[in-house]
Amino acid sequence: MTVPLSTALADWTTGRVERVAGPVVVATGLDRARLYNVVRVGRRRLIGEVIRLSGDTAVIQVYESTGGLQVGSEVIDTCVPLSVELGPGLLGQVFDGVQRPLRTLAADETGLFGRPFLRRGIDVAALEPRDWDVAITVEVGGQVEPGDIIATVQETPAIEHRVLVPPGVSGIVTRLAEGAVKSTDPVIWVDDEPVLLMTRWPVRRRRPVATRLDPDAPLVTGQRVVDMLYPVARGGSAVIPGGFGTGKTVHEQTLAKWSDADVIVYVGCGERGNELAEVLEEFPTLVDPRTGASLMDRTILIANTSNMPVAAREASIYTAITIAEYYRDQGYDVAVMADSTSRWGEALREVSSRLEEMPGEEGYPAYLPSRLAEFYERAGAVVALGSPRRQGSVTVVGAVSPPGGDFSEPVTQYSLRLAGTFWALDPDLARRRHYPAIHWNRSYTLYALDGWFNDHVDQDWSRHRAWAMELLGREEEILSIVRLLGSDVLAPVERVTFRIGRTIREDFLQQSAFDDIDAYCPLLKQYWMLAVIHHAHDLLVGLADSQDADPDSFMAAPALVELSRMKYWSSDSAEAEARALIDRLNEEVGI
Amino acid sequence: MSDKLSLPTVELRTVTYVSGPLLFIDHAGGVHAEEVVDVVTPDGEIRSGQVLEVDGDRAVIEVYSGTRGLDLATTRIRLGGDSSRLGVGLDLLGRMFDGSGRPIDGGPPIMPEEFWDVNGLPINPAARRYPSEFIETGISTIDGLNTLARGQKLPLFSGFGLPAGELAADIATHARVPGAEDDEFVVVFAAMGTTAREASFFRRHLEEGGRLNQTVLFLNLADDPTIERLLTPRLALTTAEFLAFERGIHVLVILTDVTNYCEALREVATAREEVPGRRGYPGYMYTDLASIFERAGRLHDRPGSVTQLVILSMPDDDITHPIPDLSGYITEGQIVLSRDLHRRGVFPPVDVLPSLSRLMNACVGEGKTRPDHRPVADQVYSLYAEGRDLRRLIAVVGEGSLNETDRRILKFADEFERRFVHQQERRELDETLDLAWELLSVFPEEELKRIPPAIFAARSEALANEFFRTEVSPKREAGQGLPFDGKADDGSPLRP
């Protein structure tokens, strides 16, 4: 179903406010209101959404501060569900949780919107009213079905926007638009009914697809601990829980910068305003290594910071995923970075408690797991509706902020149940400035992607990966012994494990998000770095086994020290450097 | 935002229930959500309150100055029809107010330029300027390792009996922005449930630093009404926003103590019989704290800034307690004070390991501070972390099992606490970083893995032509500047 751009005023019904408690308003007189319809409350026309109907009362969550409302204030039912505007012009923009264009508001010269502060009751279109050059790809007399591409628009240098026949519309093309088109103008007419450049879609409803596919390719992120050890599939989902200061936001931003998705939707949900400011200042200056265009050209930001109204925080997640699905349907790989789902859970809890619902675990409403599932399950790799046939995907990466860093709390636990990849952030690692602070022995991935890496990078990828994970497991055991008894008690082979484990941790898994070279590590370089470490390990083990030589006397070999410089290899020469270093190791460490 | 304060017009005598901080009234048809009201006591005293909820004919009001002495029959409620507003202006500088914004310094009444809603409005994230200007606090552990930026919000996680107030006062007196022409800034101080001793210490400290006429004080002391604490920080921040964003002044807001604020929040929530969250604190405490902390920042096209330094006492020194936990999720880092260091006479007793400044990367490095700032900070940090681990290890296995490197690291950790963390006078950033280099000089270069070779090269070149230093003060030659008796090596206190 698509949502009409506007409904006739005659359909609107008017009720009155009976109760105001924080973001929750109870109204009477909205006889024809449906669940999740958008309503306008009070003289300022605050945006709200009907979340419960009971007898003759409607319970409304209001997306703006409710100060100043009184009993008897007017409530208008607009008869449409909460929806987003979808069309060219989304990329590079910043929206709040209910898709108001924040940059437009901040740049408003008239000051009507209270710039640089957010006034209430603002009603502006999400998409700029500008002309687009549209290349129509269908002809008069042709038959179109839902999802068919009817036109293309070069939305940004990186992304060609594909205009689709909305779900539910099919027939014969009877007329084409000429010249430039605004987003609210028709592009073609199907059976004399206009099909507009933009469309609206209710945020709480997933967009239809032809088929869902099993995710079988990774979202390449350029982060060694992610790609090598715990990759997430394209169309999969990952959760990243961690207490404050463990680097959730830096990790999310790093993925937003470097992962090889076509479009990134970044949701700052109940987080810091300065973090959004950072993204807004930094992304336009960064260049996407694959397209050469600015990173901002493929990014859409949804910002509902912690001091913005709490109910809009709840909506922001849905706004983001709906926009992501829209680009997926055009045949793109989209990644949604949600920072943080805990704040979204807390928004649910706050509204629920104002509704005086029976609380579940830790005060969260009992429907928390089903809401989380609705969100994570909108991730997926799909074949989109319509022709030409195309595949797209939505990958979801959700940060979780567990209170006190305790992973046993409900949002973390329910998220773990749903997501395929788990990156466990460890406060102890963060304290040691081991970034990304993803714990190698506590994280996991359920996606079987070894085959893809073996085919696309090197056939030995999975062998090195399995070796590294096994060694890290053993190193942890040895470490606990060392902590108790010191390193003198170790057998030579164990000392090699101890040494190489440390090398993997410090010189491979640690990666600086702020170093120009190290911030992004291509797959081939990752492969060779680990291959060299593996080789060094085998040489040292050979020495330990041979009885003739003491591996300790080789530990300080310059070639081994050189392992710590691998991360600064240039991406292009990584293989040559690696082969040269292997030769040096053979000379210096071999028997 | 410049609406005139409208005069109260409607008066109600329909109080039906009074308990704790709350008061219920009937026949409240015309009451607006969140409007501010005057509560007239039977004795004719006027207290201010705010509407929390309207429900049909009934309204719930929280009374900021407490409900003592109120009755049902004769207490009157005057409706103002407006949210809580504060008269703001340059007049406020140098003045002292109580927690509700009434002057208590005996000075003349304030002639406000404008009346601003104390709740403020959320800053549009797209209008924010990312903080990137280094503030030199004069404290090595902050400047060197956890650098503060203009527009940042940084809490001091303290414990009862730790000198957080002294540290904040030091920062308020000594902070400056190197190279900035408008070096002057204004301190807005909000005390929430602070003892009179602490408040007067702070005032005296600012006075001695000659800053008093550049200061605005809002004092809700420990024996003042609890609920007023919900208002006090908002008054301070409204003042700060006016000075910063309308008058282009750099404002440092010091809030102490957030723990008392949260307890007031819990008291109201309990009185309203809300479903409690963790440890009885309301589920919306995160949102409520955010509505305070997020009022720090800088804006595009506006010159001023609001920087927040928040003192927070961790109950029982527990960093996972909901108050420090939720604050840590909102603020841009934290400075953690350590009881152990304090006991050993180190001032300021900053434990750098759990401390963090999230905006450090944006405000240090080439062109901002010094190119070696970040690597040196990382190196010092990681060696100190290793040293602390080793201390735990030798407590179990003794020093015998240590090798040469371990011994050096252990010694470094001791020296670091004695000479770098501990300080008795202000240090400039150059002094701080040079001290760090000096402490690191006992290690061979190849053990200093966090420092890229280019920095070493630049450093040795710089020492030749003093490129690194912006100025060299002769009195601070290596090893001097801080008197130490050397007793700490055997663990005895440094200061009597």
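Note on naming: letters A, B, ... go to the chains in the order of the sequence lines (proteins, then strands), and numbering restarts at 1 for each one.
For B:His321, no part sits under 4.5 Å from any heavy atom of chain A, backbone or side chain. With a threshold of 4.5 angstrom between heavy atoms, B:Asp301 approaches chain A through side-chain atoms but not through N, CA, C or O. Proximity to chain A involves both the backbone and the side chain of B:Ile123, based on heavy atoms less than 4.5 angstrom apart. Proximity to chain B is absent for every atom of A:Asp515, based on heavy atoms less than 4.5 angstrom apart. For a residue to count as touching a neighbouring chain, one of its non-hydrogen atoms must lie under 4.5 Å from one of that chain's; by this rule B:Tyr381 touches chain A with the side chain only. In this structure, chain A has heavy atoms under 4.5 Å from both the backbone and the side chain of B:Leu353. Only the side chain of B:Asp389 comes within contact range of chain A, with at least one heavy atom under 4.5 Å from a heavy atom of that chain. For A:Glu282, no part lies under 4.5 angstrom from a heavy atom of chain B. Contacts between A:Thr305 and chain B at a heavy-atom distance below 4.5 Å involve the side chain alone, from C-beta outward. Neither the backbone nor the side chain of B:Arg295 has a heavy atom closer than 4.5 Å to any heavy atom of chain A. Using a 4.5 Å cut-off between heavy atoms, B:Arg272 touches chain A through its side chain atoms alone. With a 4.5 angstrom heavy-atom cutoff, A:Ser340 does not touch chain B via any of its atoms. Contacts of B:Tyr329 with chain A are made by both backbone and side-chain atoms, with heavy-atom separations under 4.5 Å. Proximity to chain A (any heavy atom under 4.5 Å) is shown, for B:Arg129, by both the backbone and the side chain. Of the atoms belonging to A:Glu409, not a single heavy atom falls under 4.5 Å from chain B. Interface residue A:Val20: backbone and side-chain heavy atoms are both found under 4.5 Å from chain B. Of the atoms belonging to A:Pro359, it is side-chain heavy atoms, and not backbone ones, that fall under 4.5 Å from chain B. Neither the backbone nor the side chain of B:Glu446 comes within less than 4.5 Å of any heavy atom of chain A. Proximity to chain B (any heavy atom under 4.5 Å) is shown, for A:Arg431, by both the backbone and the side chain. Only the side chain of A:Ser564 has a heavy atom closer than 4.5 Å to any heavy atom of chain B. Of the two parts of B:Pro324, only the backbone, made up of N, CA, C and O, holds a non-hydrogen atom closer than 4.5 Å to a non-hydrogen atom of chain A. Proximity to chain A (any heavy atom under 4.5 Å) is shown, for B:Val54, by both the backbone and the side chain. For A:Pro402, the parts lying under 4.5 angstrom from a heavy atom of chain B are both the backbone and the side chain. With a threshold of 4.5 angstrom between heavy atoms, B:Ser132 does not approach chain A through any atom at all. Contacts between A:Glu278 and chain B at a heavy-atom distance below 4.5 Å involve backbone atoms as well as side-chain atoms.
No donor-acceptor contact under 3.5 angstrom links the side chains of A:Thr28 and A:Thr57, judged on distance only. Remark: the A:Thr249 side chain and the A:Asp339 side chain contain an N/O donor-acceptor pair separated by less than 3.5 Å. A:Glu357 and A:Ser352 share a side-chain donor-acceptor pair at under 3.5 Å.
With chain A as partner, the option from B:Gln334, B:His300, B:Glu386 having the largest number of non-hydrogen pairs under 4.5 angstrom is B:Gln334. Of the residues considered (B:Gly283, B:Ala385, B:Pro452, B:Gly328), B:Gly328 shows the highest number of contacts with chain A, using heavy-atom pairs under 4.5 Å.
A cation-pi arrangement, defined by a distance under 6.0 Å to the six-membered ring centre and an angle within 45 degrees of its axis, is absent between B:Arg302 and B:Phe245. A cation-pi arrangement is found for A:Arg343 relative to B:Tyr286, the charged atom lying closer than 6.0 Å to the ring centre and inside a 45° cone about the ring normal.
Heavy atoms of other residues, nucleotides or ligands lying less than 6.0 angstrom from CZ of A:Arg505 number more than 12. Under a cut-off of 6.0 angstrom, the local environment of CZ in A:Arg502 is sparse, with at most 12 non-hydrogen atoms contributed by other residues, nucleotides or ligands. Sparse packing is recorded around CZ of A:Arg43, with 12 or fewer heavy atoms of other residues, nucleotides or ligands lying under 6.0 Å away. No more than 12 heavy atoms of other residues, nucleotides or ligands sit less than 6.0 Å from atom CG of A:Asp516.
Taking a cutoff of 4.0 Å between a charged side-chain nitrogen and a carboxylate oxygen, B:Glu294 and B:Lys153 qualify as a salt bridge. Between B:Arg450 and B:Asp378 no salt bridge is recorded (no basic side-chain N to carboxylate O distance below 4.0 Å). A salt bridge does not link A:Arg19 to B:Asp57: none of the charged nitrogens lies less than 4.0 Å from a carboxylate oxygen. A salt bridge links A:Glu18 and A:Arg16; the closest N-O separation between the charged side-chain nitrogens and carboxylate oxygens is under 4.0 Å. Classification of A:Glu314 and A:Arg349 as a salt-bridged pair fails, no side-chain N sitting under 4.0 Å from a carboxylate O.
Scanning all heavy atoms of the two residues, the minimum distance from A:Gly42 to A:Ser73 falls at CA-CB, 4.2 Å.
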| task | Using the side chain to side chain contact (heavy atoms under 4.5 Å, CB included) rule, take B:Glu332 and B:Ser357 through it: C-alpha gap first, then chi angles, then the decisive distance, then the call. | result | CA-CA 6 Å; B:Glu332 281 138 354; B:Ser357 163; over 6 Å; no

